[in-house]
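Predicted model only: the values in this text are computed from it and were never measured. Hydrogens, waters and symmetry mates play no part in the numbers below; they use all other heavy atoms, side chains included.
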Amino acid sequence: MHQHSPTKTSQEVAAIAASCSTTSRHRKSQKALPPLFWYMEMGDFDKAADRARRHPREVKTWATLRTKSMADAKVSGTKRLALHHACFKLRSIVPSSGNNDSFIQVCKFILLLIETHPAAAGMRESRHGCLPLHLAAFASCAPRPNEENSGGRSQHSRSQSAASGNGGLSRPPTISTRSNSESTSSSNNTNMTAIFAEELFSGTQTADFQSDPKNNNLKSEAPPLIQPNHPSVSAKSNVMISAKREDAAVKVINALLDAYPKAIRVDSEGGRLPLHTACAGRATPRVISTLITAYPAAARHRNKDGFLPLHLAAHWGVSHPNIAIALLKAYPDSTLGRNRWERTPLEEALCMAGENGRPHQAALVRALRKHPSYWTSPPEDLFRSTALNERLEGPRIVDTDATLPDDTTSLDDEERRYFNSGHSNLIEEESEQSGGLLGLLSPRGKSGRGESDLHHMLGLSTLIKNQNWNSVLRRVEQNPHEAGETLQAMTRGGFISMQGLTPLHYACERRPPLEVVEALIAAWPEAVTTRLQPGGALPLHVACTWNGSLNAIVALTNAEPAACRIPDDLGNIPLHCAAFSGAEAPVVEALLKTYPKSVLARNHQGSLASDIVKRLRHDNRKGVMALLASSKDEILKAHHRRNRSSGSYGAVAQRA
């Protein structure tokens, strides 16, 4: 028997027609996309360059591309020229191994597009109203180490950077004044290199102490977990800047500025200048310096949320400490500026990544803690070094650190001069040549001649600073009252503490052995509950911030278990500090075991420890996230079980 198919309603027919029309329009838009854009989408920029030379008309053609919003995943059409799309694709380029670097190929292609159609440098794309300069500044970032080829490490001088990777491209003669910017790594007049020295010095000292056979007289029951050195995240070289790529990026920026000089003053959606987009994209130092030189007032410009460029650098991080120096020199008072959420750049940096949660974070925080007058002082006062026989006379408004000449200077030759400068009551009036106290300390924390006499000749803070832990133990044993004295010294965070800095705080900044922590606690137990000002940190906060060993953190929690639930001035409990610094899973587990509910605690920004781990994406985030998730599930299940038991008929009748 023949059955008739049911008739479709008018609404269903209209829906099918609309779907067909949408599909046809999508196919039509795909077919209408010029081949030049298809080559860029496929990543074949050699064919794209050949197509641009043979068909220059496509360089001037506006194309509509389907883009997805990151906020609501809404797909919309964006109109761009080839120059916009090439600058946009520059950030997503995956570096290739070998001599043909894809990043440099794209830069050459962008220069070709500018030469073919210079007027495109002054035209906006339709999505965010960005000029090509905004997009190129945002894309001129440093890759991660697994994306970096072995031959592209940054050179440590401006001449090496300029000489490498020219690729037949010559800088236009009209931009010579803009090209006189700071080099990537060479920093003759800055204290940031001294900060690098301290981070490397502290890590090497710890490794040498753990591997020294002379230290066998100390307890050796420590598990193998804490024996390897674990430097802070900010000291790791996980952001590498290729000199060739940076040179190519600067050429692109300069070419765009020559094609449309007003672009440096034009803002995009949200009031963002090219300098804002460069800071948000973690651009390289020479790109930042080029933009500042072209328009110095951009460092004072705020976007619609009240963010200065320095706020954005503090929020997203930097690829090199020289970026913070360049921004602060252009506008020193930016350290005092507050954004829409009433946060200064220092508060923004601490809220996002703590003291050392990102590459170069420690150097960035130390720069942000400087008084604005630090960046306006004369060079002879700002960058002076303290001689070994020079005593510091009285307090200074600006805490000046001695500096190393540049990054290529050997740490062995200069570290003693740095570690005995910028602080009071350190090793003075004696020199190694005269057989004085300096001859008793080796550059790596091992004692030379007269090791047994160091604890008589040097103060406790000096021994802790040089990480001579054997002498620290002898000093505390003979003078236990010194463990309760308040120190006035430069902390590892870059500020001089005038209250609450005990030797236990000072030692926890340098990953001390378990024996040192136990000796300091036994000599003065009140140090465990003493707050460091400014900041309000307990020794447990400090140890979690600067990657303290598992045994040391367990000793601190055993001495005062309540310290795990005490927040600092930013609302961070020790678990938050451990999440910021990328602590290992056993350390996180020990903190959770002492205070399980810490997994549900939020800081003043409203972040859980799991939120911080997700945001910073440390190498061990998978294991730590699994540990935090399981602990959270156990807490919530226990809470639900209590609620069900309290809601039984017996409990209700008893309450009635």
Return yes if some donor-acceptor pair links the side-chain N/O of [X] with the main-chain N/O of [Y] below 3.5 Å, else return no.
{"X": "His55", "Y": "Arg57", "value": "no"}
{"X": "Glu246", "Y": "Arg286", "value": "yes"}
{"X": "His360", "Y": "Ser319", "value": "yes"}
{"X": "Gln361", "Y": "Gly354", "value": "yes"}
{"X": "Asp247", "Y": "Ala243", "value": "no"}
{"X": "Arg272", "Y": "Glu269", "value": "yes"}
{"X": "Arg621", "Y": "His618", "value": "yes"}
{"X": "His301", "Y": "Gly271", "value": "yes"}
{"X": "His320", "Y": "Asn322", "value": "yes"}

If you measure from the Lys or Arg side-chain nitrogens to the Asp or Glu carboxylate oxygens, is any gap between [X] and [Y] under 4.0 Å?
{"X": "Arg54", "Y": "Asp50", "result": "yes"}
{"X": "Lys244", "Y": "Asp101", "result": "no"}
{"X": "Glu347", "Y": "Arg338", "result": "yes"}

### Summary
Sorted by chain and residue number, the side-chain hydrogen bond (donor to acceptor under 3.5 Å, both in side chains) partners of Arg300 (sequence neighbours excluded) come out as none
### Query
Going through the checks in order, is the side chain to side chain contact (heavy atoms under 4.5 Å, CB included) test met by Lys370 and Leu328?
CA-CA 10 Å; Lys370 298 296 181 184; Leu328 288 167; over 6 Å; no
Rounded to the nearest 0.5 Å, how far apart are [atom1] of [X] and [atom2] of [Y]?
{"X": "Thr290", "Y": "Leu275", "atom1": "OG1", "atom2": "CG", "value": "11.0 Å"}
{"X": "Asp611", "Y": "Leu608", "atom1": "CG", "atom2": "CG", "value": "4.5 Å"}
{"X": "Leu273", "Y": "Asn303", "atom1": "CG", "atom2": "CG", "value": "9.0 Å"}
{"X": "Cys141", "Y": "Arg282", "atom1": "SG", "atom2": "CZ", "value": "7.0 Å"}
{"X": "Glu355", "Y": "Asn572", "atom1": "CD", "atom2": "CG", "value": "10.0 Å"}
{"X": "Ser334", "Y": "Leu327", "atom1": "OG", "atom2": "CG", "value": "7.0 Å"}

List the residues meeting salt bridge (charged side-chain N to carboxylate O under 4.0 Å, His left out) with [X], not counting sequence neighbours, and say none if there are none.
{"X": "Arg265", "result": "none"}
{"X": "Arg617", "result": "none"}
{"X": "Asp333", "result": "none"}
{"X": "Arg343", "result": "Glu348"}

### Message
For the aromatic rings, using the six-membered ring if either is Trp, is the centroid distance between Trp341 and His311 under 6.0 Å?
### Response
no
Which pair of non-hydrogen atoms, one from [X] and one from [Y], has the smallest distance, and what is that distance?
{"X": "Leu133", "Y": "Ile264", "answer": "CD2-N, 3.9 Å"}
{"X": "His84", "Y": "Pro132", "answer": "NE2-CD, 3.6 Å"}
{"X": "Ala139", "Y": "Leu90", "answer": "CB-CB, 3.8 Å"}
{"X": "Leu81", "Y": "Val59", "answer": "CD2-O, 4.1 Å"}
{"X": "Arg302", "Y": "Gly306", "answer": "NH1-O, 2.8 Å"}
{"X": "Ala299", "Y": "Pro309", "answer": "O-CD, 3.6 Å"}

Donor-acceptor contacts under 3.5 Å from residues 118-126 side chains, at least two apart:
residue: Arg124; atom: NH1; partner: Gly129; partner atom: O; Å: 2.7
residue: Arg124; atom: NH1; partner: Asp267; partner atom: O; Å: 3.0
residue: Arg124; atom: NH2; partner: Asp267; partner atom: O; Å: 3.4
residue: Glu125; atom: OE1; partner: Arg127; partner atom: N; Å: 2.9
residue: Glu125; atom: OE2; partner: His128; partner atom: N; Å: 2.8
residue: Glu125; atom: OE2; partner: Gly129; partner atom: N; Å: 3.3
residue: Glu125; atom: OE2; partner: Cys130; partner atom: N; Å: 3.2
residue: Ser126; atom: OG; partner: Lys79; partner atom: N; Å: 2.7

Taking the six-membered ring of [Y], is NZ or CZ of [X] closer than 6.0 Å to its centre and within 45° of its axis?
{"X": "Lys262", "Y": "Tyr260", "value": "no"}
{"X": "Arg91", "Y": "Phe138", "value": "yes"}
{"X": "Arg340", "Y": "Phe307", "value": "no"}

### Task
For Val365 and Asn356, run side chain to side chain contact (heavy atoms under 4.5 Å, CB included): C-alpha distance rounded to whole Å, both residues' side-chain angles, the deciding distance at 0.1 Å, then the answer.
CA-CA 8 Å; Val365 169; Asn356 66 335; over 6 Å; no
### Query
Heavy-atom count around Glu115 CD within 6.0 Å, excluding the residue itself: above 12?
no
#### Entry: Phe109, CZ: over 12 other non-hydrogen atoms inside 6.0 angstrom
yes
### Task
Verify side chain to side chain contact (heavy atoms under 4.5 Å, CB included) between Leu616 and Phe580, making sure each step is shown before the conclusion.
CA-CA 7 Å; Leu616 297 180; Phe580 277 126; 3.8 Å; yes
Is any side-chain heavy atom of [Y] closer than 4.5 Å to one of [X]?
{"X": "Ser268", "Y": "Leu131", "result": "no"}
{"X": "Ile612", "Y": "Asn603", "result": "yes"}
{"X": "Thr64", "Y": "Thr78", "result": "no"}

### Query
Would Ser607 and Arg615 satisfy side chain to side chain contact (heavy atoms under 4.5 Å, CB included), going step by step from the backbone distance to the final call?
CA-CA 10 Å; Ser607 297; Arg615 181 168 67 242; 3.6 Å; yes
### Query
Do the rings of His85 and Phe37 sit parallel, tilted or perpendicular, given the 30° and 60° boundaries?
tilted
